[in-house]
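A, B, ... follow the sequence lines: proteins, then strands. Residue 1 opens every chain.
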Number of protein chains: 2
Amino acid sequence: MSKQKQVILKIIQSKKMHLTADEIFMYAKQEIPSIALGTVYRNLNKLVEENQIKRVSLPNSPDKFDWNLSKHSHIICSRCSSINDIYISEIDNILKKEIDSLISYNITIDYVCEKCKAKEKDATN
Amino acid sequence: MSKQKQVILKIIQSKKMHLTADEIFMYAKQEIPSIALGTVYRNLNKLVEENQIKRVSLPNSPDKFDWNLSKHSHIICSRCSSINDIYISEIDNILKKEIDSLISYNITIDYVCEKCKAKEKDATN
DNA sequence: CTAAATGCAAACTATTTGCAACGAT
DNA sequence: ATCGTTGCAAATAGTTTGCATTTAG
């Protein structure tokens, strides 16, 4: 495993956030100033293939990379675009029951987060 | 509503498939040969905003546009990439119960479709 | 010593945008 | 006349790739 790949994986696992390739590139440059963006993309693809990280595709935004390998869904605030993990165990059972040859699934939920809800309430007062 | 927008909407609704902007562009040219790809994208964005169609984002592929506005999930074959709709009513109930301020959700399920399963079985014989 | 991975730049894909011309009120 | 929409072309964003060079085993 090259130093570049190690650093990229470490960044994703330690930040515990949903980072884009570009964000990962910027953090990686702090440790390896000569690193190229192409190298970041190449390693991200490899890490996804090796199941060391997961790719998260959302509309109107670059792919994000997820350190969290456990089965979980993403809730995205429609106002501020913040992303968080959410665990709903019942869904796992239902999908396993319903789908023959299930490999994996991806759930993204749009909602309004508490912060934005509070802000909107403020604005109407 | 411009003629272009009408034609684009009609294509999506009549084909009953998950079409990419480019595919829609090609069909639209058959009816309006002078239509521009930019016009297709502009109208697709408007139609999504107006909730006349839905956008489906998947990893490693251009966005697809969906005529089906009812709550449903997508099952995608990991081998042949075919996409189909699937309705799992229990999921709707669970998410409504779990998520406060739920707006919408997007579920994509990776699996191996019957055709590909059959092919793989053949190959091992 | 060789195979794999890198940095760099160019290429590519998907999508958006500026602008002058067109169309419908 | 005005405002929204078009077609066209250029621009942008995100990502991939070819290639000469470097690195790791």
- [ ] List the steps and the verdict of side-chain contact (heavy atoms from CB on, under 4.5 Å) for B:Lys64 and B:His74.
- [x] CA-CA 12 Å; B:Lys64 291 176 180 57; B:His74 294 112; over 6 Å; no
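- Heavy atoms of A:Asp22 sit nowhere under 4.0 angstrom from any nucleic acid atom.
- Nucleotide C:dT15 holds its C1' atom 11 Å from the CG atom of B:Leu44, rounded to whole Å.
- Taking for each of A:Met1 and B:Lys5 the nucleotide of DNA chain D with the nearest heavy atom, the 5'-most of the two is the partner of B:Lys5.
- Dashed line: the shortest gap from a side-chain N or O of B:Tyr41 to OP1 or OP2 of C:dT15 is under 4.0 Å.
- When rounded to the nearest whole Å, the span between CG of A:Asn60 and P of C:dT16 equals 7 Å.
- Rounded to whole angstrom, the span from the CG atom of A:Leu37 across to the C1' atom of C:dA11 amounts to 14 Å.
- A donor-acceptor pair under 3.5 Å is formed between the side chain of B:Glu23 and the backbone N or O of B:Thr20.
- A pairwise comparison of heavy atoms in B:Lys71 and B:Tyr87 identifies O-CD2, 3.6 Å as the closest pair.
- Within the 4.0 Å cut-off from OP1 or OP2 of C:dT6, at least one side-chain nitrogen or oxygen of A:Asn43 is found.
- A salt bridge links A:Glu50 to A:Lys5: one of the charged nitrogens lies within less than 4.0 Å of a carboxylate oxygen.
- Chain B approaches DNA chain D within less than 4.0 angstrom (heavy atoms of the protein), and the contacting nucleotides run 5' to 3' from D:dT5 to D:dC8.
- Atom-to-atom, NZ of A:Lys29 to P of C:dC8 comes out at 10 Å; the value is rounded to the nearest Å.
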TODO: Go through the steps to decide whether A:Asn68 and A:Lys54 satisfy the test side-chain contact (heavy atoms from CB on, under 4.5 Å), and finish with yes or no.
DONE: CA-CA 7 Å; A:Asn68 185 347; A:Lys54 287 211 278 186; over 6 Å; no
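- In terms of position on DNA chain C, the residue among B:Gly38 and B:Ser61 whose nearest nucleotide sits closer to the 5' end is B:Ser61.
- Rounded to whole Å, the distance from CG on B:Leu19 to P on C:dA14 is 15 Å.
- When atom types are taken as modelled, the side chain of A:Thr39 and the backbone of A:Ile35 share no donor-acceptor pair closer than 3.5 angstrom.
- Look at B:Asn45 and you won't find any side-chain N or O under 4.0 angstrom from OP1 or OP2 of C:dT15.
- Under the 6.0 Å distance and 45° angle rule, A:Lys16 counts as a cation-pi partner of A:Trp67.
- Put simply, CZ on A:Arg42 is 14 Å from P on C:dA9, counting in whole angstrom units.
- Atom CD of B:Gln6 is separated from atom P of C:dA24 by 11 Å (rounded to the nearest Å).
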